[in-house]
Amino acid sequence: ASVGVAPNKLVAKIGSDLNKPDGLTVVNAQNLRAVLDPLSVRRLPGLGRKLGERVEAAGLTTLGELRTAPDAVLWPIFGRDSQRMRERAAGIDDRPVMSEWDEKSISAEETFFTDLGDPARMRAEVLRLADRASARMRAQNLATGCVQVKVRRAEFDTFTRHKQFGASTTDSRTIAKVAAELLMAWVDEQPRARVRLLGVGVNHLHAADQMDLFAQGGSSADTAATPLDATVDLIRERFGNLAVRRGSALPEARGADESDEDTSEAAPSRARERATMREDGRSQRPTPPRRPCNPRPARGPGFIFPACESV
């Protein structure tokens, strides 16, 4: 994941989006203007697509131009919020940083080196992200009542689609199915769009052991964690998140180059996954030595299991 280090939340958020997918951006008082001023106004969090179009139509295309724009230009667009938007373009944000809070949503997203134009590839990526978000949710003993898909086009226009459930769920396949349906509905609306970023989130979270209280017209048992999910979670907890993956998440299934994906224990992605698991409160056990893997993996229902054994 990309990281932004800055004096406040707003600038840190902007910085975290600059060097994706795995970059680090440090912004301080000395380079604040040099970093922010040349950026497109679309980079400003909270500036939606329609409002961004109005700002650009007024001749303000960069944050520097927005920061120095007079009230005569800003007032017809923002009204009472003109001064606040000018301050945000200047990187001013006084909101406190909260170190602890109740989880309102859990998401997994990825920015791609090359924009995606193939709907099948987009769907495979969304299935992979849905699996990742579902695992993180179950690690915190949470269930969801809503799935959301985030799509960012190559032009940086961002779209979200969501769907609520009648009964809450922790089931990976249910979440992945809904996420894929939301994505393909969006693709039907914009069939020639090229995509820079995809994300899957789960919202309306509550404790998984309270699913009966949130069920509406259906049994929570139908959407509870399946034995398959529980088994996969245990394998990943012990051997890492890449020890077992859905077939659709493999590089060849997603149309990705296997050589670009480092699945070794030393890979940066493995380090990030282990850190995420620790943040989610899941204990990390030492990995026992394993015999060399059979190059032809055994296939389970919907998953690929490497043919390895513990000594």
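- The backbone N or O of Phe78 lies less than 3.5 Å from no partner atom in the side chain of Ser82, so there is not a single donor-acceptor pair.
- Cluster membership for Val11 and Val5, using ILVMFWY side-chain heavy atoms within less than 4.5 angstrom, is not shared.
- Taking CG of Leu205 as the reference point, atom SG of Cys146 lies at 9.5 Å (rounded to 0.5 Å).
- In terms of heavy atoms, Ala179 sits closest to Ala130 at CB-CB, 4.3 Å.
- By the 4.5 Å heavy-atom criterion applied to side chains, Ile175 and Ser134 are counted as neighbours.
- Scored by the side-chain contact (heavy atoms from CB on, under 4.5 Å) test, Thr62 finds Glu65 as partners (sequence neighbours excluded).
- For Ala12, the side-chain contact (heavy atoms from CB on, under 4.5 Å) partners two or more places apart in sequence, or in a different chain, are Ala6.
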Go through it in stages, so that I can follow the logic: the residues are Arg42 and Asp157, the test is salt bridge (Lys or Arg N to Asp or Glu O under 4.0 Å), and I'd like the CA-CA distance, side-chain angles, deciding distance and then a yes or no.
CA-CA 8 Å; Arg42 300 297 184 98; Asp157 295 329; 2.5 Å; yes
Stepwise side-chain contact (heavy atoms from CB on, under 4.5 Å) check, Leu142 with Thr170:
CA-CA 7 Å; Leu142 296 173; Thr170 62; over 6 Å; no
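- Counting heavy atoms from C-beta outward, Val200 and Gln148 have side chains that stay 4.5 Å or more apart.
- A salt bridge does not link Arg128 to Asp131: none of the charged nitrogens lies less than 4.0 Å from a carboxylate oxygen.
- Using modelled atom types and a 3.5 Å distance limit, the side chains of Thr25 and Asn19 yield a donor-acceptor pair.
- Clustering ILVMFWY residues whenever any of their side-chain heavy atoms sit less than 4.5 angstrom apart, transitively, puts Leu39 in the very cluster that holds Leu47.
- The heavy-atom pair separating Val73 from Pro76 by the smallest distance is O-CD, 3.4 Å.
- We find that Asp37 and Arg67 are joined by a salt bridge, their nearest charged nitrogen and carboxylate oxygen being less than 4.0 Å apart.
- Side-chain atoms of Asp93 come within 3.5 Å of backbone atoms of Leu10 as a donor-acceptor pair (strictly under, hydrogens ignored).
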Test Val55 against Leu44 for side-chain contact (heavy atoms from CB on, under 4.5 Å), laying out the working first.
CA-CA 12 Å; Val55 173; Leu44 190 63; over 6 Å; no
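- Residues Arg138 and Ser172 have side chains in contact (heavy-atom distance under 4.5 Å, counting atoms from C-beta outward).
- With respect to Arg86 and Asp71, a salt bridge is recorded, a charged nitrogen being found less than 4.0 Å from a carboxylate O.
- Looking at heavy atoms from C-beta onward, Arg153 lies out of side-chain contact with Arg196 at the 4.5 angstrom threshold.
- Using a 4.5 Å heavy-atom cutoff, the side chains of Arg88 and Pro45 are in contact.
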Could you please spell out the steps behind the side-chain contact (heavy atoms from CB on, under 4.5 Å) verdict for Trp186 and Val195?
CA-CA 11 Å; Trp186 180 87; Val195 171; 3.9 Å; yes
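- One N or O on the side chain of Arg43 and one on the backbone of Asp17 form a donor-acceptor pair closer than 3.5 Å.
- With sequence neighbours left out, the side chain to side chain donor-acceptor pair (under 3.5 Å) criterion links Arg152 to Thr158.
- By the salt bridge (Lys or Arg N to Asp or Glu O under 4.0 Å) test, Arg54 pairs with no residue at all, sequence neighbours left out.
- Under the 3.5 Å distance criterion, the side-chain polar atoms of Asn28 are matched with a main-chain donor or acceptor of Asn31.
- Remark: Arg161 pairs with Glu189 by the salt bridge (Lys or Arg N to Asp or Glu O under 4.0 Å) rule, at least two apart or across chains.
- Between Glu155 and Arg194, no side-chain nitrogen of the basic residue sits less than 4.0 Å from a carboxylate oxygen of the acidic one, so the salt-bridge criterion is not met.
- With sequence neighbours excluded, no residue satisfies ring-ring contact (aromatic ring centres under 6.0 Å, His included) with Phe156.
- Each of Glu110, Glu109, Glu125 was evaluated against Lys150; a single residue qualifies, Glu109, per the salt bridge (Lys or Arg N to Asp or Glu O under 4.0 Å) test.
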Trace of the side-chain contact (heavy atoms from CB on, under 4.5 Å) decision for Val149 with Thr160
CA-CA 6 Å; Val149 168; Thr160 58; over 6 Å; no
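- When the side chains of ILVMFWY residues are joined at heavy-atom separations under 4.5 Å, either directly or via intervening members, Ile92 and Val27 end up in two distinct hydrophobic clusters.
- In this structure, CD on Glu56 lies 10.5 Å from CG on Leu51, to the nearest 0.5 angstrom.
- The environment of CG in Asp94 is sparse: at most 12 heavy-atom neighbours from other residues, nucleotides or ligands sit within 6.0 Å.
- Rounding to the nearest 0.5 Å gives a distance of 13.0 Å between CD1 of Ile106 and CZ of Arg132.
- In this structure, the side chains of His204 and Ser105 stay at 4.5 Å or more apart for every pair of heavy atoms.
- Summarising the local packing, CZ of Arg95 is surrounded by more than 12 heavy atoms from other residues, nucleotides or ligands at distances under 6.0 Å.
- In terms of heavy atoms, Leu36 sits closest to Gly91 at CD1-CA, 3.7 Å.
- Taken together through direct or relayed side-chain contacts under 4.5 Å among Ile, Leu, Val, Met, Phe, Trp and Tyr, Leu197 and Leu18 form parts of separate hydrophobic clusters.
- Side-chain contact between Met122 and Leu183: present, with at least one pair of heavy atoms (C-beta onward) separated by less than 4.5 Å.
- Residues Gln83 and Glu87 form a side-chain contact, since some pair of their non-hydrogen atoms from C-beta on lies under 4.5 Å apart.
- Closest of all the heavy-atom pairs between Arg49 and Phe159 is NE-CE2, 3.7 Å.
- Between the side chain of Thr144 and the main chain of Asn203, a donor-acceptor pair closer than 3.5 Å is present.
- Of all heavy-atom pairs between Val126 and Ala180, the closest is CG1-N, 4.0 Å.
- With no hydrogens or angles considered, a side-chain donor-acceptor pair links Ser168 and His206 at under 3.5 Å.
- Note on Ile77 and Val41: same hydrophobic cluster, where clusters join Ile, Leu, Val, Met, Phe, Trp and Tyr whose side-chain heavy atoms are under 4.5 Å apart, directly or indirectly.
- Between the CG atom of Leu66 and the OG1 atom of Thr61 there is a distance of 10.0 Å, given to the nearest 0.5 Å.
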